[in-house]
Amino acid sequence: MSFARFKSILSIGCPALFLLLSLSCFSQATPYVNPNVRASESLSGYWKYIVDPYENGYYNYRLEPFEEQEDTSRNAFFTDSKPRDRSELIEYDFDLSDSIYVPGDWNTQKEKLFFYEGTVWYRRLFNSTIKDPANRVFLSFGAANYKADVYLNGQKLGSHTGGFTPFSFEITSLLKDTVNSLVVKVDNKRLKDGVPTVNTDWWNYGGITRDVNLLETPSTFIEGFSIQLERDDPGHIVGLVQLNGIDRSGSEVEVHIPELGKSVLLKTDEKGKASFRTSVDSLRLWSVNDPKLYKVIFNTKEDTITDMVGFRTITVKGRDILLNDRPVFLKGISIHEESPIRGGRAHSKADARQLLGWAKELGCNFVRLAHYPHNEHMVRLADSLGILVWEEIPVYWTISWENEATYENAANQLQELIRRDRNRASVIIWSMANETPTSNARNRFLTDLAELTRSLDPTRLISAALEQSSYQGDPWVRTIEDDFARVTDILSFNQYIGWYDGLPDKAEKISWKIQQNKPVFISEFGGGAKQGYFGDKHTRWTEDYQEYLYEENIKMLSSIEQLRGMSPWILVDFRSPRRMLPKIQDGWNRKGLISEEGIKKKAFYTLQKYYLSKE
Ligand code: GCU
């Protein structure tokens with residue numbers, strides 16, 4: 001079906017149809033069995049690991065993959081073999097190898113792996129704790145950067161590409177009653193045709209960076225669901241459920257919202273799907289000042305899952321962003337997924353509490369989670385704290401727009417993100433890309449991603465962090481001339497006046513010619529400062545320079561009549577291999593308002609004052 005026809009059907013507001021279409025979100029290769037909505041057993045802890053820069057555990061000396069051999073060599077690391085007798089030659093041994101903590105990146109756990117990019121093998125032994133032999137068992141990963149090949153008891157479960165989205169494998173048939181050997185090959189090599197591509201401004205943390213869980217389900221289980229307020233008719237809740245298993249068709253499903261005294265009984269179709277639309281009144285809408293969450297329970301005769309869901313609408317009208325039909329100004333900050341406590345990739349509830357706690361302290365009602373999907377703890381905490389969220393996939397700078405596999409990779413990451421977070425009230429914006437150069441191939445690539453997003457979830461806003469340019473060649477008048485701005489719901493762009501573009505003084509001389517009748521959102525501005533370095537406001541890297549830059553940028557941007565929000569770059573200093581100025585950067589991007597030691601810089605208070613002064 002062509003997207004034009006698609007859009008026209010959507011525009012006639014046929015909720016059931018968009019529900020059916022967005023079911024395709026569940027038709028991915030492997031279902032994601034989410035440990036946040038059902039019981040699970042964590043496999044967190046110390047795993048054995050082997051660093052394998054030459055991928056000696058994967059290929060023979062002819063670079064032929066062991067897993068493609070008829071008779072798999074026991075020198076393949078995924079066989080987790082031991083010499084059968086004193087003469088057998090096996091040149092690796094997980095038991096004798098060092099250990100590393102999962103979840104976590106290897107770069108900040110092992111000094112010798114700080115700069116390492118390549119393959120590391122992980123091995124975890126576990127006993128099966130299956131309660132009912134009729135049940136099924138799944139292995140779920142929150143994420144592994146970048147490519148993961150997963151094996152159980154020497155058998156390949158599958159692979160996953162993309163370092164920031166969740167994936168699962170079914171292991172029922174491979175599970176042993178005794179000890180099971182789980183081996184994961186993780187390769188974080190940067191690839192030209194990858195997503196992201198080879199150059200980024202963040203640290204390429206490698207490893208099993210998020211939680212790993214074992215999940216036991218009935219033979220037919222609730223694979224996924226979506227539930228939210230109907231965008232154009234907030235008097236109705238709409239949703240869908242997808243069953244997985246032999247009894248998926250013709251099964252009864254009850255959707256229960258106890259606090260609303262609401263129960264809806266559904267029957268699945270031959271594909272195990274069912275959608276629903278039910279009227280609601282006296283619903284407390286989720287908002288930043290009242291982040292009300294309702295317990296929602298899905299029951300079948302065999303299975304039950306529970307989630308905490310907020311109900312709200314998010315739309316745009318002319319130059320306004322409307323939350324529950326009321327204009328909202330997005331007082332935001334950009335955040336990288338780095339733990340200010342431990343250093344390295346953030347992954348825990350405590351990390352999320354630290355980062356979002358600082359955002360709240362700054363006076364924020366919004367965060368931009370850059371430049372890739374962050375862990376699920378962040379968005380679930382944002383749901384309960386009442387913080388609105390922008391999520392994006394790492395289509396960053398110049399990727400291979402003409403490469404079909406690159407597009408499929410980006411589309412897959414987008415689908416996995418939407419599948420994971422579609423029920424999060426806090427998430428209001430899906431962003432397709434950051435600072436990408438305009439071209440026909442790029443426009444086609446991003447437009448296809450946007451249309452895919454709208455087909456999966458037409459209830460949220462689409463965006464991208466675009467770049468500004470001079471209006472008709474006049475450097476003192478700036479504008480956004482980007483074809484993709486026609487596709488997005490809001491007009492978001494990054495600008496660095498006062499840092500990459502002149503000194504802060506320049507800001508007062510700049511005017512903006514916004515040609516699109518859309519809400520304007522500044523997805524990045526900012527400048528670097530070494531915490532504790534003070535001087536006059538024109539001395540780069542001083543806190544005073546950064547403070548002055550913020551003062552002047554806030555003044556300049558406030559002159560844009562249709563300004564409806566911003567997420568300055570960035571909450572906390574973060575690691576980047578592109579930032580090596582000694583004694584100032586030393587491997588850190590210093591544009592944070594807070595240092596990596598958690599110390600606030602002067603500009604933190606400049607932005608806080610502005611946000612506290614804004615409605
Ligand atoms: C860019 C980019 C960020 C980067 C920032 C910077 O705009 O989007 O990823 O870190 O600028 O230069 O500090």
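In this text the structure is predicted, and so the values were computed from the model without any measurement. Order of listing sets the numbers, starting from 1, for every ligand and every atom in it.
- Atom CD of Glu561 sits in a crowded spot, with more than 12 heavy atoms from other residues, nucleotides or ligands closer than 6.0 Å.
- Listed by chain and residue number, the protein contacts of ligand 1 are Asp201, His371, Tyr396, Asn434, Glu435, Asn494, Tyr496, Tyr500, Glu524, Trp569, Phe574, Arg579, Asn589, Lys591 (heavy atom within 4.0 angstrom).
- In this structure, Glu551 has no salt bridge (Lys or Arg N to Asp or Glu O under 4.0 Å) partners at least two apart in sequence or on a different chain.
- Annotation: ring pair (Phe, Tyr, Trp, His ring centres under 6.0 Å) contacts of Tyr496 (sequence neighbours excluded): Tyr500.
- Tyr550 has its ring centre less than 6.0 Å from the ring centre of Phe525.
- His371 meets the ring pair (Phe, Tyr, Trp, His ring centres under 6.0 Å) test with Trp202, His336, Tyr396, Trp569; sequence neighbours excluded.
- A salt bridge is defined here as a Lys NZ or Arg NE, NH1 or NH2 lying under 4.0 Å from an Asp or Glu carboxylate O, and Arg575 with Asp105 fails to meet this definition.
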